[in-house]
Undergrad: 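What follows is a structure written as structure tokens; I'll ask about it next.
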There are 2 protein chains.
Amino acid sequence: MARGSDENPPVTGRRGPAPTGRPTMRDVASAASVSVKTVSRVVHNYPFISDDVRGRVQAEIRRLGFRPNGHAVGLRRADRAAGGIGVLTADVADPFYAGMLSAIEQVSTARSFTTLVASSGEDPARERALLSTFVERRLDGLIVVSADRAHDHLRPDLDVGTRIVFADRPPRRLPVDYVLAAHAEGARQAVAHLLAQGHTSIAHVGHSPAVHTARERLRGFRAALTDAGLTPRAVRTDATDAEAAYRATAELLSLDDAPTALFTDNPPLVAGVARAIAESRAPRTALVAFDDSELARVLGVTVVAQDPRELGKRAAELLFARLDGARSRPRRVVLPTTLVPRGSGEGHGVALRSTRR
Amino acid sequence: MARGSDENPPVTGRRGPAPTGRPTMRDVASAASVSVKTVSRVVHNYPFISDDVRGRVQAEIRRLGFRPNGHAVGLRRADRAAGGIGVLTADVADPFYAGMLSAIEQVSTARSFTTLVASSGEDPARERALLSTFVERRLDGLIVVSADRAHDHLRPDLDVGTRIVFADRPPRRLPVDYVLAAHAEGARQAVAHLLAQGHTSIAHVGHSPAVHTARERLRGFRAALTDAGLTPRAVRTDATDAEAAYRATAELLSLDDAPTALFTDNPPLVAGVARAIAESRAPRTALVAFDDSELARVLGVTVVAQDPRELGKRAAELLFARLDGARSRPRRVVLPTTLVPRGSGEGHGVALRSTRR
DNA sequence: ATGAAAGCGCTAACAT
DNA sequence: ATGTTAGCGCTTTCAT
């Protein structure tokens, strides 16, 4: 029963090399003079294999550079094949989503799942197309930061077993788990902080309320003022970027009854608002911003912070709990925000030279 | 030849529902009373199909929520199936790599390829494991920011057709395309800028030269000084983080013959170095840093900048050129760096309040 | 314009 | 301890 190493034809499979040029299990099997199944067993560390056979097979695997074909595995093992999850955000380059993604990837990799990413750029059509490719790739689960207003199109996929978790923004008409920060409550926190400093004239410089998060923050802002018996007057929702925020703030501060405090709802706006304050006749105007950023840290801007990594971690955990078989009805996780006083909200102004932009 | 919609059993395939619970092409075929191949043709917009058949098939596809199985497609189509590329970086949360990733994803999505990501955390073993899963998933190409010192293990995969491009750091003993910034040249640029301001005592506060980029930057720093007839004396390579950089800088600046200018090689270090300068007896000590950052912009730190998006874009373009069949020998692309004067390198100091950390 | 059969590379269900 | 037989869901010949 001696098995000479020249008992078999060199390396090539039967009809020339495989289409991909890659050796298959069959190539390994015939090179090692065993059956395909045995190779499969060696690959999967099945214990009851003779050392002789295992050795020969492993040698051939190495020599031929064999790598299991994930497609074949995924096709055959409908159960819990080589797992993968997809993450869809607005923009992976945004530090907030980058942090979230990093935390997700960490959880995912720890479970030996691969992580796919895609950015919608806030375009609903693009989002749907990208989610389609995720589904076609038969990913086990999806984490979605949606720019869409309806999610019914995901219903069929959900019904047949694709696990889906929403993050940062809630699903619409889709019974899935989701996790988001307490945006409205965070805004209240910010206003409460300013009220406690004695401010009664507080303005809002923010994004258009088309986005869920901006809407919620504005809602919290208004509610906090109303609850305090004040009337929310100065509200700007046209600050789409730092430059617009600069103009809006400059206008607010040049009014006769200029506000003594500002609340702004987005990191990119902070640069503009801070500059406008520094250049105004009231450089000590108080400022509290939503979401932390490098800029806010450096400028000493008081913020209401959410934790992007925590958001990602919790979303991933919800997802994997479902993949592990959790059957409860959809869960809603709301993460608390943290007020971080740095000076700008306590009347110390911002640490910005007014001459430099 | 009337085809009643009740001519076939409801929906289920032959032996109960498919393992995944997902409808297959066969389910659609039998529901629409056509062959599997016809469904395939409809899915792929094959033109010569009667409107009647196309309509029936599309209706069933929608009704059943059919989605092609990417694994089956990938298995059968060895050519260029639903394409995908993998990106391995040290850390997707790092703004530099996040920007690079975003640019890659943009190119990739434009070509209808999906993008997988993974972070090695600078751990070579982890990097190899992650690259293995990429290969097993039969991705068409890989973009790698490697933390490894040898890449021979990728040789077999390269030989059988996996396209690989290195970014930010060069490959070792692997004939692949790569793109990186002119780190050494960039450091020379920084030193030249300081020399031009009349400085002759320039120190370096940097990372350990274990990483390629840090080593190159240090090399450029030394070469620039030597070429100018100066002797590089004050070189600290123990600044692993902002705190260490703070201490190193503070020590340098308290020397009797303290340097009048500093070059630092990493964004995270800037905060520490800037603070040490601001708190020193020479708050106008000149500073030039490598790599741009939000912090540098705000503090007015002069930097030698590379463009992470350009890095990603070029890497992706090199990769797709190979996927399109380019056969030239390995290309090396070196991206120029840009000196951005902001004041700290021109004797205006940094815009940091020494009282705030 | 449509269909039947074969098979991609692997694993699951039985063998022995 | 090892091998045989099917077949995952699709695309690819080759028919008609």
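Here is the naming used below: chain letters follow the sequence lines, and residue numbers restart at 1 for every chain.
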Undergrad: Whole-Å distance between C:dA4 P and B:R26 CZ?
TA: 13 Å
Undergrad: Would you say the side chain of A:K37 and the base of C:dA12 hold a donor-acceptor pair, judged only by whether the two atoms sit under 3.5 Å apart?
TA: yes
Undergrad: Rounding to an integer number of angstrom, what distance separates C:dG9 and C:dA13 when you compare their P atoms?
TA: 23 Å
Undergrad: Quick check: any donor-acceptor pair below 3.5 Å linking the side-chain of B:R76 to the base of D:dG9?
TA: no
Undergrad: Please confirm whether the shortest side-chain N or O distance from A:H71 to OP1 or OP2 of C:dG9 is below 4.0 Å.
TA: no
Undergrad: Which pairs pass salt bridge (charged side-chain N to carboxylate O under 4.0 Å, His left out) with one or both residues in residues 112-125 of chain B, sequence neighbours excluded?
TA: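 Salt bridge (charged side-chain N to carboxylate O under 4.0 Å, His left out) check on residues 112-125 of chain B returns B:E122-B:R169.
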Undergrad: Looking at every non-hydrogen atom in both residues, tell me the closest pair between B:G83 and B:D140 and how far apart they are.
TA: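 Looks like CA-OD2, 3.1 Å.
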Undergrad: Any N or O donor-acceptor pair linking the side chain of B:R138 to the base of C:dG9 at under 3.5 Å?
TA: no
Undergrad: If you pin B:T38 and B:A72 to their nearest nucleotides in DNA chain C, which one's is more 5'?
TA: B:T38
Undergrad: Give each stem of DNA chain C as a range with a range, requiring at least 3 consecutive Watson-Crick or G-U wobble pairs whose two distances are under 3.5 Å.
TA: C:1-11 with D:6-16, C:13-16 with D:1-4
Undergrad: Is there any salt bridge (charged side-chain N to carboxylate O under 4.0 Å, His left out) pair reaching into residues 148-157 of chain A, and which pairs are they, with sequence neighbours excluded?
TA: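 Sorted result for residues 148-157 of chain A: A:R128-A:D148, A:D152-A:R173, A:D157-B:R22, A:D157-B:R67.
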Undergrad: Please list, chain by chain and in numerical order, all residues satisfying side chain to side chain donor-acceptor pair (under 3.5 Å) with B:T89, sequence neighbours excluded.
TA: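 Partners of B:T89 under the side chain to side chain donor-acceptor pair (under 3.5 Å) test: none.
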Undergrad: Which comes earlier along DNA chain D counting from the 5' end, the contact point of B:R41 or that of B:F66, where each point is its nearest nucleotide?
TA: B:F66
Undergrad: Give me each pair satisfying ring pair (Phe, Tyr, Trp, His ring centres under 6.0 Å) with a member in residues 122-165 of chain B, each pair once, sequence neighbours excluded.
TA: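 Passing the test, one end in residues 122-165 of chain B: B:H151-B:F166.
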Undergrad: What residues, two or more places apart in sequence or in another chain, satisfy ring pair (Phe, Tyr, Trp, His ring centres under 6.0 Å) together with B:F66?
TA: none
